[in-house]
2 protein chains.
Amino acid sequence: MPKDEFTIGEAARQSGVKVPTIRYYEQIGLLPVASRSEGNRRLYDRPDLGRLAFIRPARGLGFAGGAIRTLLSLQDDPDQSCAAADAIAKARLVEVDKRIASLNALRDELKRMVKQCESGRIGDCRVIETLADTTHVHGRLAEA
Amino acid sequence: MPKDEFTIGEAARQSGVKVPTIRYYEQIGLLPVASRSEGNRRLYDRPDLGRLAFIRPARGLGFAGGAIRTLLSLQDDPDQSCAAADAIAKARLVEVDKRIASLNALRDELKRMVKQCESGRIGDCRVIETLADTTHVHGRLAEA
DNA sequence: GCTACATCCTCTAGTGACTAGAGGAGCAAG
DNA sequence: CTTGCTCCTCTAGTCACTAGAGGATGTAGC
């Protein structure tokens, strides 16, 4: 096997994405259809691993499939119109900022709880109010 | 109808959670089984609305059902052991911090893109590398 | 070369969290 | 009393996986 070609298992280990999940990503078009070996095994190269390593954390951060496709397209086609890229990036930016604000509020409240705990009792828990009041995030980050 | 009792529709409007989703939350036990009117309609009160207003953004931030249950339990039972609450809060804190770090990296990269765009071309897009390198968030925030 | 065992293949089905739609009942206004 | 809105239950669909069956392939030791 030529170097810089990986089986699906190696790709999984290197990216942290599970084998069936990689196959699933191919199926839904997040990854290009992989080339095959003589014995019908999928073969991946470095760029594929890069994509994989991107998809997982993006999912973790709540980006939907469509949004990830859009972000990947920015890389695939860096010559696409500036206006398009700008619109995509700006839209993401707004959402990401909202998320950060929400998480910061939650973070402060959790810290407060831990601190209060050190000094004896829980007292009243304001985690719920904190989140309910400060966040207005609606589901996953939207499409482009 | 006594004041401070709400139909499911009113609860939906006030919390921003859709009617079928409220029924679903009851079904899976995130909300207590609602009391019913003469004509078999669900009735909600203020505390129910508070729970609802909490669940939605918590979901948006990626908390899984179990984690939300745990957070709600901190409110329901503020006298539970300090050690338990402390452990829960600390675990959440670590995850939330990771998320914030990831989103900040993504945010910076998106800003850079928008800025570069203003001055003509996109150039090379590093959004993918940014996320792939800086984030190690695995799926939803875990259980307690 | 042969056996053992890991890894791969495809396919179907299950999970979690919704979301949509069918079909029917309750209630308030004109 | 009929129109129309909201409610009820129930089934099924979506998305993003995840698990498992059943079979083929690749590799390492004998």
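Below, chain A is the first sequence line, B the second, and so on; all start at residue 1. Worth knowing before you read on, the calculation uses all heavy atoms, side chains too, and leaves out hydrogens, waters and symmetry mates. Since we're looking at a predicted model, the values are computed, not measured.
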Below 3.5 Å between N/O atoms, which protein atoms pair up with nucleotides 18-21 of chain C? Just atom names and distances, please.
from	atom 1	to	atom 2	distance (Å)
dC18(C)	OP2	Tyr25(B)	OH	3.0
dC18(C)	OP2	Arg59(B)	NE	2.1
dC18(C)	OP2	Arg59(B)	NH2	3.2
dC18(C)	O5'	Tyr25(B)	OH	3.3
dT19(C)	OP2	Thr21(B)	OG1	3.1

Atom CD of Gln27(B) and atom C1' of dG16(C) are separated, to the nearest Å, by 12 Å
The salt bridge (charged side-chain N to carboxylate O under 4.0 Å, His left out) partners of Arg46(B) (sequence neighbours excluded) come to Asp4(B)
With Watson-Crick and G-U wobble geometry limited to distances under 3.5 Å, how should the secondary structure of DNA chain C be encoded in dot-bracket form, using | for bases paired to another strand and [ ] for crossing pairs?
-> ||||||||||||||||||||||||||||||
Quick one: salt bridge (charged side-chain N to carboxylate O under 4.0 Å, His left out) partners of Arg41(A), sequence neighbours excluded?
-> none
Of Ile8(B) and Gly39(A), whose nearest nucleotide on DNA chain D comes first from the 5' end?
-> Ile8(B)
May I ask you to evaluate whether Thr7(B) reaches the phosphate of dC7(D), defined as a side-chain N or O under 4.0 Å from OP1 or OP2?
-> yes
Whole-Å distance between dA25(C) C1' and Glu38(B) CD?
-> 15 Å
Those residues at least two apart in sequence (or on a different chain) that pass side-chain contact (heavy atoms from CB on, under 4.5 Å) with Ala11(B) are Ile22(B), Tyr44(B), Leu49(B), Leu52(B)
Glu26(A): what forms a side chain to side chain donor-acceptor pair (under 3.5 Å) with it, not counting sequence neighbours?
-> Arg42(A)
Whole angstrom value for the distance that separates P of dC8(C) from CZ of Phe6(A) | 14 Å
Partner residues of Pro47(A) under the side-chain contact (heavy atoms from CB on, under 4.5 Å) criterion, sequence neighbours left out | Asp45(A)
Apply side chain to side chain donor-acceptor pair (under 3.5 Å) to Asn104(B) and list each qualifying residue two or more places apart in sequence or on a separate chain.
-> none
Every protein N/O within reach of nucleotides 9-13 of chain D N/O, cut-off under 3.5 Å:
from	atom 1	to	atom 2	distance (Å)
dT9(D)	OP1	Arg36(B)	NH1	3.4
dT9(D)	OP1	Arg36(B)	NH2	3.0
dT9(D)	OP2	Arg42(B)	NH1	3.0
dT9(D)	OP2	Arg42(B)	NH2	2.8

Here the distance between atom P of dC5(D) and atom CZ of Arg13(B), to the nearest Å, is 13 Å
Qualifying residues under salt bridge (charged side-chain N to carboxylate O under 4.0 Å, His left out), relative to Arg23(B), sequence neighbours excluded = none
Euclidean distance, atom CD of residue Glu26(B) to atom C1' of dA17(C) [Å, nearest integer] | 16 Å
Figure out the CD1/C1' separation between Ile22(A) and dT18(D), and round it to whole Å.
-> 14 Å
